[in-house]
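Positions are given from 1 along the sequence. Values below: every heavy atom of this structure, side chains too, minus hydrogens, waters and symmetry copies.
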Amino acid sequence: PSIKSSILKLMEKLEADLSRVVLIGSTATPWQIWPEALKCFTKRIYLPFPDAEDRKLLIQNEIRNIKNSLNAQDIDKLSHATQYFSPSDISELVKKASAFHVQKIKKAQYFVKKGSNLATCSSSTPGAFKSSFEKFNEYERQSLLTQAIDIGCFNEGLKAVKPSSSPEESRKFKNWK
């Protein structure tokens, strides 16, 4: 038997006594669900993608435990740049931005002392010296890795993370419900 027929048989058994069963399903493409399977779901609930204000809150929540230099204007720009992003897309964006931040530090060629810590910089920065991440001891590496993630890291993350929806998908959802 096919997977489809096996699932439908299981769902038919559930229909026999639905008084004790709550069946919940979730999908990003509800129009692709088999019509026979849809019969088991008596109620449809459409959860739209987060709007700009919700995305702003999601971004703030995702970065709350990450040292960053984002200001309110940066977060506003990110919330508008993430239209059609799902909450998991936003989470992935923050992970990519963090990964890019670490890569940027590891690829840096110029550094400067800031108190007892090191920071990446350009060759024209006063006090800059040429070195590499691998040449530093563990303490120095850790001080580099505690630098704040900046908007540039998020802009790079936006190049890698694409939204899981689009205007066309959004229209399909609205028509489906």
Quiz item: Any link between Ile105 and Val112 through a network of hydrophobic side chains (Ile, Leu, Val, Met, Phe, Trp, Tyr) touching at under 4.5 Å?
Solution: no
Quiz item: In Å and rounded to the nearest 0.5 Å, what is the CG to CZ distance from Leu144 to Phe136?
Solution: 6.0 Å
Quiz item: Ser165 side chain to Tyr84 main-chain N or O, any donor-acceptor pair under 3.5 Å?
Solution: no
Self-check item: Distance-only side-chain donor-acceptor flag, Thr125 / Ser122, under 3.5 Å
Solution: yes
Self-check item: Transitive ILVMFWY cluster of Ile66, excluding itself - 4.5 Å side-chain cut-off
Solution: Leu58, Ile59, Ile63, Leu70, Ile75, Leu78, Phe85, Ile90, Leu93, Val94, Ile149, Ile151, Phe154, Leu158, Val161
Exercise. May I ask you to check whether over 12 heavy atoms, not counting those of Lys162, lie within 6.0 Å of atom NZ?
Key: yes
Quiz prompt | Euclidean distance, Ser131 OG relative to Gln109 CD, rounded to 0.5 Å | solution = 10.5 Å
Quiz prompt | Residues Glu168, Arg171; criterion side chain to side chain contact (heavy atoms under 4.5 Å, CB included); working and verdict | solution = CA-CA 5 Å; Glu168 180 184 321; Arg171 280 191 296 279; 3.9 Å; yes
Self-check item: Minimal non-hydrogen separation, Arg55 against Pro50, with atom names
Solution: NH1-O, 2.7 Å
Quiz item: Angle class for the Phe111/Phe129 ring planes (parallel below 30°, perpendicular above 60°, tilted otherwise)?
Solution: tilted
Exercise. Ignoring hydrogens and angles, tell me if any N or O in the side chain of Lys56 forms a donor-acceptor pair with the backbone of Ser79 under 3.5 Å.
Key: no
Quiz prompt | Lys159: partners by salt bridge (charged side-chain N to carboxylate O under 4.0 Å, His left out), with sequence neighbours left out | solution = Glu156
Quiz item: Is the count of non-hydrogen atoms from other residues, nucleotides or ligands lying under 6.0 Å from Lys96 atom NZ greater than 12?
Solution: no
Quiz item: With distance as the sole test, does Glu140 use its side chain to make a donor-acceptor pair with the main-chain N or O of Asn137 at under 3.5 Å?
Solution: yes
Exercise. Decide yes or no for Asn155 and Phe100: does some side-chain heavy atom of the first lie under 4.5 Å from some side-chain heavy atom of the second?
Key: no
Quiz item: Does one side chain, of Ser86 or Asp89, offer a donor that lies under 3.5 Å from an acceptor on the other?
Solution: yes
Quiz item: Where is the tightest heavy-atom contact between Gln83 and Pro163, given as atom of each residue plus distance?
Solution: O-CB, 3.9 Å
Quiz item: Does one hydrophobic cluster hold both Leu118 and Tyr110, with members joined at side-chain heavy-atom distances below 4.5 Å?
Solution: no
Quiz item: Just how far is it from atom CG of Asn61 to atom CZ of Arg64, taken to the nearest 0.5 Å?
Solution: 4.0 Å
Exercise. Walk me through it: do Ser88 and Ser91 pass the test side-chain hydrogen bond (donor to acceptor under 3.5 Å, both in side chains)?
Key: CA-CA 5 Å; Ser88 62; Ser91 182; over 6 Å; no
Self-check item: Main-chain N/O of Cys153 paired to Asp150 side chain as donor or acceptor, under 3.5 Å
Solution: yes
Exercise. State whether the side chain of His101 and the backbone N or O of Asn68 hold a donor-acceptor pair below 3.5 Å, judged by distance alone.
Key: no
Quiz item: How about Lys95: does its NZ atom have over 12 heavy atoms from other parts shown lying under 6.0 Å from it?
Solution: no
